[in-house]
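These numbers come from a predicted model, not from an experiment. Both backbone and side-chain heavy atoms feed into the values below; hydrogens, waters and symmetry mates do not.
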Amino acid sequence: GLVDLNGGTETRVSVCSVSGRKSCPLCPEEKFKACYSHKLRRHLQNLHWKVYVEFEGQRMCICHLPCRQLKSSLGSDQTQGRLVAHYHCVVCSVTIAHKTDMISHLKRHINKGETEVSYSGSSDVPFENPVPGGQAYEIMKELGTNVQLLPNHTTPQKTDTYFSRKMKTNRQLVFCSLAILAEERNPLECLDAFGATGIMGLQWAKHLRNTVKVTINDINEACVKMIKENCHLNHIRVEGNRTGLQLDGAGDADSPNASVEVVKMDANVILHLRPFDYIHLDPFGTAVNYLDAAFRNVRNLGIVSVTSTDTGSLYSKSLNVTLRHYDCQIVRTEYYRELAARMVLASVASAAARCNKGIEVLLAVALEHFVLVVVRVLRGPTQADESAKKLRQLLHCQWCEERVFLKPGSMVEENLYRQLPCQCHGSMPGKTAVELGPLWAGPLFNTGFLRRMLVAAVQHNMEDIQPLVKTLICEADCTTLKLFPVPGYSALSNQVECGVVIKTLQKVEEADTSDQSGKRKTTGEDSGNVLKKIKADTSLEHPAFYYSIHRHSIRGMNMPKLNKFLQYLTEAGFRVSRTHFDPTGVRTVATLAQFKEVLTKYSVPTYSSAPQSSAVSSERRQTL
């Protein structure tokens, strides 16, 4: 028989046992009418079987059905023009017209290691309502959790259950931060405010078990149904007042303690109605519309994680949208990613202060597709005032890109340019610097929290984010990787060594956040002790922002390798580290002038061998 992976659905045709007239399963009725078996066999062999593409033991035949209507956003007049022959990818269900393009597409999947994707029809796992148009879904596995995905799950405008494989790093970082909080509080109530497929909440429930009470919320009815079906796939019990439904397999012995509550409600409403220990916000775009509600009922010393995917406004591409959403004035700079992280933290701190709460920044990550910030909530007006004081304006030189946070105070300063270490204002005409902000001027990382995240990543076999977390730890300490002991050890050594760190940190935090009876305090004295501990940990000021070695390279000079340059800066007496924001960036306490001085000292002229080569070329010309 033939196998056509049409949107993930296997269509098998046994032409030998066909009795009577039979239509082609890969062609529309108007193109190929029903016929007898011998004619159908000839049609399949000459048209479909002849140009198949084989991958992992499955043969993808060419399809003439109107499958591309599923992804078409054009009107009915233009729809017919898109009904062309195509192939369906067995891995990601995308439609590709040409055979050579499909082969190249499959090679890219092989290079990425994306070869284990299974498909099932709607008959294997029954939906409450069948998928419209007979679409089949793809079952994707991540961190031991299976989720159903529709063929158009990568297009937010055309599907309700949006899912992005590029956000895997984000999901693992959020999971590790929750796992750390679960060690401090047992059990804790956590909320995934924008569930979509529910994969994040299902990973929480499946791996953390009875230490967490997971609530997955989404306002869309289709998403809620998909989340319930994904609970069925993972043998997780669905409970709650609004659902009243328990799927088959709820009492499975594989996961007796795994259960989630699925809620259909607006995110702002559920955040106002119920208190939580851990809240994760990951809307499509900016999250500023939900920050006030998130800090309304979050418990003391709880954690709020915010994922922002509006990179157009965060990365200085749409400045009018940036001003509208974040009330922040920025320009395009070499450190635009860290600028985006500090801009989101400024909005988070302002929202927390309006609810008489302060924040302690645990983690701030800005990568290509998202900006993630994780903060701990400190209740009380004193903590709110301390956080509000860390919102400052940034003075940015538009010539050399030197920058400095303006000093706090109400006194009017005659010349703000004096605060900049550079001398561009004296040598250049006009206004050489601009004020950006308001931005978060405090530290972006908590070293102890990041070390515990590394332990959680090792325990749950999250190998993808371990290099990133190690880079964050070095960046938080402002040190090089050579001075960091973890990368040189095996996974077991990492776990043993970091286990000592986590026990020490737990003892310190228990001494600060627990009384003699072992219960968690809720008074203002508790938050004050935590604040004193934070101040003690940040006594050594963390350098803000970084410099790109390529941006400040000297023309006509070959600069040293980045690791060598870090060593030179360290020998010059400066604290230095690499940064995850920019692979060519250097975070250091040195000013830009000192940075360039060291770079110039160890750079080699590119034309050092030019005279010799020119002499040789002139001799060759004379001989010719």
On a heavy-atom basis, which atom in [X] and which in [Y] lie closest, and how many Å separate them?
X    : Y    : value
V212 : W204 : CG2-O, 3.9 Å
V361 : L444 : CG1-O, 3.4 Å
M200 : N170 : CE-OD1, 4.1 Å
D277 : V298 : O-CG2, 4.5 Å
S387 : G358 : OG-CA, 3.4 Å
G201 : D192 : N-OD2, 3.8 Å

[atom1] of [X] to [atom2] of [Y]: how many Å apart, nearest 0.5 Å?
X    : Y    : atom1 : atom2 : result
C176 : R452 : SG    : CZ    : 12.0 Å
I473 : L468 : CD1   : CG    : 10.0 Å
F565 : I549 : CZ    : CD1   : 5.0 Å
T211 : L181 : OG1   : CG    : 10.0 Å
I227 : E261 : CD1   : CD    : 12.0 Å
H207 : Q459 : NE2   : CD    : 13.0 Å

task: Tell me whether the guanidinium CZ or amine NZ of R587 lies under 6.0 angstrom from the six-membered ring centre of F581 and within 45° of its axis.
output: no
- prompt: Does the separation of the ring centres of F595 and Y546 fall below 6.0 angstrom?
  reply: no
- request: Determine, using ring centers only, whether F405 and F545 are less than 6.0 Å apart.
  value: yes
For the pair [X] (side chain) and [Y] (backbone), establish whether a donor and an acceptor sit closer than 3.5 Å, ignoring hydrogens and angles.
X    : Y    : value
R337 : Y315 : no
T588 : R575 : yes
N297 : P275 : no
N446 : F449 : yes
N230 : V147 : no
H552 : L599 : no
E334 : S548 : yes
T309 : G285 : yes
T471 : H580 : no
K166 : H369 : no

Would [X] and [Y] count as having a side-chain donor-acceptor pair, cut-off 3.5 Å?
X    : Y    : answer
E142 : Q203 : yes
T145 : N234 : no
S305 : Y278 : yes

- prompt: Do K213 and F276 pass the side chain to side chain contact (heavy atoms under 4.5 Å, CB included) test, and can you show the C-alpha distance, the side-chain angles, and the key distance before you say yes or no?
  reply: CA-CA 10 Å; K213 296 181 180 179; F276 292 96; over 6 Å; no
Given side chains that start at C-beta, do those of [X] and [Y] come closer than 4.5 Å, heavy atoms only?
X    : Y    : answer
V576 : T480 : yes
H109 : H105 : yes
L143 : K168 : no
I359 : V304 : no
L562 : V586 : yes
R274 : T215 : yes
D310 : Y326 : yes
D477 : F445 : no

task: Taking only Lys NZ, Arg NE, NH1 and NH2, and the carboxylate oxygens of Asp or Glu, determine whether E338 and R342 approach each other closer than 4.0 Å.
output: yes
- prompt: Do R171 and D464 meet the salt-bridge criterion of a basic N to acidic O distance under 4.0 Å?
  reply: no
task: Let me see the working for T286 and S313 under side chain to side chain contact (heavy atoms under 4.5 Å, CB included), right down to the final yes or no.
output: CA-CA 9 Å; T286 181; S313 57; 5.9 Å; no
field: Intermediate values then yes/no, side chain to side chain contact (heavy atoms under 4.5 Å, CB included), E475 and L472
entry: CA-CA 5 Å; E475 188 175 359; L472 293 175; 4.1 Å; yes
- request: Apply side chain to side chain contact (heavy atoms under 4.5 Å, CB included) to W440 and L391, showing your working.
  value: CA-CA 5 Å; W440 174 260; L391 303 182; 3.9 Å; yes
